[in-house]
Amino acid sequence: MSRTLVTGGAGFLGSHLCDRLIAAGHEVLCVDNFFTGTKRNVAHLCPNPYFELQRHDVTFPLYVEVDQIYNLACPASPIHYQLDPVQTTKTSVHGAINMLGLAKRVKARILQASTSEVYGDPEIHPQVEAYWGRVNPIGIRSCYDEGKRCAETLFFDYRRQHGVDIKVVRIFNTYGPRMHPNDGRVVSNFIVQAIRGDDISIFGDGQQTRSFCYVDDLVEAMIRMMGTASDFPGPVNIGNPGEFTMLELAEMVIKLTTSRSKLVYRSLPSDDPKQRQPDIGLARQALGWEPKVSLEDGLKETIGYFRRVLGAI
Ligand SMILES: NC(=O)c1ccc[n+]([C@@H]2O[C@H](COP(=O)([O-])OP(=O)(O)OC[C@H]3O[C@@H](n4cnc5c(N)ncnc54)[C@H](O)[C@@H]3O)[C@@H](O)[C@H]2O)c1
């Protein structure tokens with residue numbers, strides 16, 4: 001039985017990953033400081049003797065014996081990561097150093113949940129892994145973007161310098177049940193506003209595009225990446241290449257929730273990328289993976305979750 005550590009395991013993606021790992025027969029240690037994650041996300045796993053939940057901040061060293069590490073700890077939405085930007089950078093950078101140190105000590109394989117934000121506001125479209133990105137180093141998103149970039153650097157230097165067995169995935173917008181209702185991300189924002197019958201806020205003219213990957217597809221890709229040979233560290237883009245404008249997304253959410261919400265236009269936040277779409281050629285070839293869940297099906301699941309959370313059913 002593989003002993004697997006998931007940092008940030010009580011968060012949105014981490015809790016789904018814990019579910020999948022437990023179902024696959026792993027012994028799972030879920031570590032979280034509950035900044036954006038919640039015990040509720042993993043409460044159903046707690047009675048399982050092969051699941052353990054530990055409160056811990058990854059900016060401090062962790063001494064445990066494990067075979068695999070998924071490093072997801074880091075607030076992911078701008079509202080949360082901008083609350084305490086210094087702590088955000090520390091979580092990415094010190095967290096990476098601590099988890100890589102642990103991986104080195106116990107000879108564990110370690111996977112980093114990196115992000116499409118390493119590409120910044122990209123000049124090429126769609127983004128391939130070989131693209132180095134265009135990131136503002138001093139903007140309000142930099143604590144997250146540059147923290148994640150530095151974490152990638154650390155992962156590759158621990159591999160070159162210490163032979164640590166690393167994997168890096170660059171995650172593009174992912175959505176699904178257990179997203180935080182107030183995290184300001186576009187999918188949760190639109191759904192919550194639609195369910196409540198509030199105005200739906202469109203930033204800018206709504207023509208900026210995003211791609212949306214359903215959480216089950218993402219978790220499948222992460223697990224496949226962890227299972228690849230040691231000579232394949234990545235980075236690999238994981239996301240859904242289907243591209244939608246914010247207006248199209250808002251209209252689909254209104255239709256699926258049968259909401260009477262109206263669209264209202266607000267000014268675009270600074271450094272907001274205009275377009276973001278993954279090239280997943282490498283994931284297709286190296287992981288034999290591609291997303292399966294359509295936006296409409298994924299939204300239906302997510303809307304069902306938010307209705308339950310908001311007490312709307
Ligand atoms: N959801 C996405 O679309 C997306 C996209 C790109 C990258 N990612 C990455 O995936 C990971 C998980 O994202 P998510 O969407 O589940 O976000 P989330 O905020 O739900 O999960 C992050 C988890 O990390 C925990 N955490 C934060 N700081 C910590 C610290 N110092 N020590 C221990 N735990 C800490 C939080 O409490 C939370 O449970 C993050 O690293 C994020 O950068 C997510």
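Order of listing sets the numbers, starting from 1, for every ligand and every atom in it.
Relative orientation of the Y158 and H162 rings is tilted, given thresholds of 30° and 60° on the angle between their planes.
Within 4.0 Å of ligand 1, contacts by protein heavy atoms are made from G8, A10, G11, F12, L13, D32, N33, F34, F35, T36, G37, H56, D57, V58, L72, A73, C74, P75, A76, Q87, T91, A113, S114, T115, Y144, K148, I171, N173, T174, R185.
The salt bridge (Lys or Arg N to Asp or Glu O under 4.0 Å) check on K300 picks up E296, with sequence neighbours excluded. Under the side chain to side chain donor-acceptor pair (under 3.5 Å) criterion, N173 pairs with no residue, sequence neighbours left out.
No path of Ile, Leu, Val, Met, Phe, Trp and Tyr side chains, each step under 4.5 Å between heavy atoms, connects L62 with F51, placing them in separate hydrophobic clusters. There is no path of hydrophobic side-chain contacts, each under 4.5 Å, that joins I171 to V118.
Among residue pairs with one or both ends in residues 80-104, those qualifying as ring pair (Phe, Tyr, Trp, His ring centres under 6.0 Å) are H80-H180, Y81-Y144; sequence neighbours excluded.
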